[in-house]
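Take a look at the structure set out below.
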Amino acid sequence: MTHDIAIIGGGIIGLCLARDLAREGQDVVLIDSGHHAGTTVNAGSLHVQMQSRFLRMYPELVPNLEASLPLYPAAVRSWQALATDLGAEFELRRSGGLMVCETPEHYEFLARKCTRERELGLDVEMLDRAALRRIAPYLGEAVHGAEFCADEGKLNPLLANEALRRDLHARAVPHHANTRVTRIEPQPDAMLLHCAGGEVVRAGRAVLASGAGTAGLAASLGLHVPVVAEPLHMNITEAAAPLILHLVQHAERMITLKQLAAGQVVIGGGWPARFSGAQDFPTVEPASLIGNLSLAQHIVPPIGDLRLLRSWAGVNTTADGQCILGPLPGEPRVHVAVPGDAGYTLGPLVAAMAAALLLGRDPGFDVARFTAARFSPAATG
Ligand SMILES: Cc1cc2nc3c(=O)[nH]c(=O)nc-3n(C[C@H](O)[C@H](O)[C@H](O)COP(=O)(O)OP(=O)(O)OC[C@H]3O[C@@H](n4cnc5c(N)ncnc54)[C@H](O)[C@@H]3O)c2cc1C
């Protein structure tokens with residue numbers, strides 16, 4: 001049989017995209033290698049404001065980050081709409097986010113970022129030490145001030161992913177798990193997706209919603225999509241009484257933390273993991289475990305009283321700070337759907353934009369700068 005559309009990748013993009021297309025009457029099939037996805041390990045932070053650290057480290061990416069900024073508040077609204085639509089409780093809270101700093105110099109940098117983000121339409125404000133103490137008394141003495149973003153928040157990704165999977169099951173969307181597509185072969189009447197076990201899936205069109213696997217699949221068509229796999233570390237503590245209301249990040253150091261409804265504190269922020277073994281399994285680095293927890297305790301001292309429950313590693317996907325969306329140059333039957341930074345936050349929104357492009361509709365945002373053609377300017381699409 002030939003499906004209308006085969007989606008390669010069952011992460012947050014693939015799950016939402018399959019749902020959006022099935023709702024429009026498309027015959028979709030979802031194929032996933034079940035291999036270290038970002039979605040299955042992620043921290044559930046809903047990010048909106050730009051990362052101060054990235055602006056300093058990668059000034060050449062600032063235009064890309066600013067151009068993508070309007071997507072983020074819209075993405076949080078998409079998550080809220082999705083929760084309502086699914087009738088699912090996945091602990092989504094738009095409780096606001098604090099990007100904290102420890103020095104007057106970094107406060108000044110944050111204040112300039114805040115001014116720029118307000119110009120670009122974000123609901124952000126600066127909080128000095130006294131104002132911060134009033135709304136976040138759990139922060140340590142080292143914290144000098146923060147930028148507050150009202151639209152930021154958190155959800156429980158295990159519950160959200162499961163709610164989406166249940167919905168796809170109810171819609172009878174075929175889901176090939178543990179199935180790795182090794183190459184895509186264009187035929188005049190269909191795309192043939194060759195899988196590692198010898199299976200071949202036929203579809204009129206295909207979508208690469210494959211995170212870090214997208215580069216290899218595009219390469220099988222002779223095309224260049226330079227996504228990079230980034231193994232990252234996460235920690236979660238035992239449950240504690242309600243303490244941390246906000247999503248907390250650091251302006252200059254690698255830390256993101258928040259408390260789940262059940263009381264555990266989820267701590268991440270980009271500490272590195274490493275690949276090991278023949279299957280490149282993302283593996284925890286002891287130095288990241290210690291560094292991440294030490295910093296968490298420095299910012300929120302009561303965390304020091306909690307036991308570590310679990311650590312894990314997973315694979316994030318990075319490109320140039322922007323989404324990659326729409327048809328591949330030279331092969332319009334194959335689309336790409338890879339979110340930009342904070343890709344879980346962007347998931348439902350970017351999937352809806354990808355669905356609109358597949359259905360020939362208006363994606364609601366200008367996607368000209370998000371096309372895969374930007375990586376091969378000489379190609380035509
Ligand atoms: C530890 C960690 C914490 C994170 N925390 C957050 C957070 O708090 N907030 C946030 O916004 N973002 C976070 N992220 C980033 C976010 O998780 C990702 O950007 C997002 O989940 C990407 O979704 P995706 O569907 O594009 O890709 P993925 O979730 O990576 O899914 C891609 C899927 O494609 C499959 N695949 C790949 N190649 C093939 C192939 N050849 N054949 C078949 N299947 C294939 C993989 O198995 C995978 O399931 C985090 C990432 C990590 C690693």
Side-chain angles (χ1 to χ4, degrees), residues 43 45-73 75-76 93-154 232 235 243-259 265-271 288 291-304 321 340-342 345:
S45 309
L46 295 176
H47 291 286
V48 173
Q49 58 179 306
M50 292 185 286
Q51 305 276 327
S52 175
R53 199 165 51 89
F54 289 174
L55 301 183
R56 283 188 194 257
M57 286 166 62
Y58 310 111
E60 72 281 6
L61 292 187
V62 170
N64 292 355
L65 298 172
E66 288 193 351
S68 298
L69 202 56
L71 296 180
Y72 288 86
V76 174
R93 303 286 180 272
R94 189 178 147 275
S95 45
L98 292 166
M99 189 168 287
V100 304
C101 66
E102 297 185 55
T103 67
E105 183 218 340
H106 291 155
Y107 189 84
E108 283 309 311
F109 188 84
L110 270 185
R112 286 196 295 279
K113 177 171 93 74
C114 183
T115 302
R116 179 67 181 142
E117 287 174 332
R118 286 175 81 98
E119 285 168 8
L120 294 168
L122 288 200
D123 184 358
V124 282
E125 61 178 305
M126 292 303 294
L127 301 177
D128 62 17
R129 191 192 290 265
L132 195 53
R133 288 286 172 274
R134 280 194 290 277
I135 69 157
Y138 53 84
L139 292 170
E141 284 303 313
V143 176
H144 176 78
E147 181 180 354
F148 175 75
C149 178
D151 281 321
E152 291 189 320
K154 56 194 172 182
L232 296 179
N235 292 306
L243 172 72
I244 306 164
L245 174 65
H246 308 96
L247 168 65
V248 179
Q249 300 178 76
H250 199 293
E252 297 297 327
R253 302 173 74 184
M254 294 186 295
I255 190 90
T256 302
L257 59 88
K258 66 197 156 289
Q259 192 168 19
V265 183
V266 180
I267 308 168
W271 286 76
S288 287
N292 187 224
L293 291 177
S294 303
L295 185 52
Q297 175 175 206
H298 175 65
I299 299 301
V300 180
I303 287 177
D341 290 345
T345 304

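Residues: numbered from 1 along the sequence shown. All values below were derived from every heavy atom in this structure, side-chain atoms included, with hydrogens, water molecules and symmetry-related copies excluded.
By the 4.5 Å heavy-atom criterion applied to side chains, Asp341 and Phe54 are counted as neighbours. Residues Ile303 and Ile267 form a side-chain contact, since some pair of their non-hydrogen atoms from C-beta on lies under 4.5 Å apart. Put simply, the side chain of Val100 does not reach to within 4.5 Å of the side chain of Ile255, judged on heavy atoms. In this structure the side chain of Leu139 reaches within 4.5 angstrom of the side chain of Val248, judged on heavy atoms. Using a 4.5 Å heavy-atom cutoff, the side chains of Val265 and Asn235 are not in contact. Proximity of Cys149 to Asp123: side-chain heavy atoms (C-beta onward) are nowhere separated by under 4.5 Å. The shortest distance between side-chain heavy atoms of His47 and Gln249 falls below 4.5 Å. Residues Val300 and Leu243 have side chains in contact (heavy-atom distance under 4.5 Å, counting atoms from C-beta outward).
Atom-to-atom distance recorded for Leu61:CG and Met50:CE is 12.0 Å, nearest 0.5 angstrom. Lys154 contributes atom NZ, which lies 13.0 Å from atom OG1 of Thr256 (distance to the nearest 0.5 angstrom). Arg134 contributes atom CZ, which lies 7.5 Å from atom CG of Asp128 (distance to the nearest 0.5 angstrom). The CE atom of Met126 sits 10.5 Å away from atom CZ of Arg112, with the distance rounded to the nearest 0.5 Å. In this structure, the separation between CD on Glu66 and CG on Leu120 is 5.0 Å, given to the nearest 0.5 Å. Taking CD of Gln51 as the reference point, atom OH of Tyr58 lies at 11.0 Å (rounded to 0.5 Å).
Heavy atoms only, all atoms of each residue included: Ile244 and Gln259 are closest at N-OE1, 2.9 Å. Here the closest heavy-atom approach between residue Pro73 and residue Asp151 is recorded as CB-OD2, 3.8 Å. Shortest non-hydrogen contact noted between Thr345 and Tyr72 is CG2-CD2, 4.3 Å. Of all non-hydrogen atoms in Val143 and Arg129, the two that sit nearest each other are O-NH1, 3.3 Å. Here the closest non-hydrogen pair linking Cys101 and Ala251 is CB-CB, 4.1 Å. Scanning all heavy atoms of the two residues, the minimum distance from Leu46 to Leu247 falls at O-CD2, 3.5 Å.
Shown are Gln49, Lys258, Met99, Arg93; of these, the side-chain contact (heavy atoms from CB on, under 4.5 Å) with Glu152 is made only by Gln49.
A salt bridge between Glu102 and Arg253 is present, with a side-chain N of the basic residue lying under 4.0 Å from a carboxylate O of the acidic one. Under 4.0 Å is where a charged nitrogen must lie from a carboxylate oxygen, and between Lys113 and Glu147 at least one such pair does. Glu105 and Arg56 are joined by a salt bridge, as a carboxylate oxygen and a charged side-chain nitrogen come within less than 4.0 angstrom of each other.
The neighbour count for Glu60 CD, taken as heavy atoms of other residues, nucleotides or ligands under 6.0 Å away, is above 12.
Under the 3.5 Å distance criterion, the side-chain polar atoms of Trp271 are matched with a main-chain donor or acceptor of Met254. Using a distance-only test at 3.5 Å, with no hydrogens or angles considered, a donor-acceptor pair links the side chain of Arg118 to the main chain of Val124.
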Walk me through whether Leu257 and Val266 qualify under side-chain contact (heavy atoms from CB on, under 4.5 Å). CA-CA 6 Å; Leu257 59 88; Val266 180; over 6 Å; no
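Relative ring orientation between Tyr138 and His246 is described as tilted, the plane-to-plane angle lying within the 30° to 60° band.
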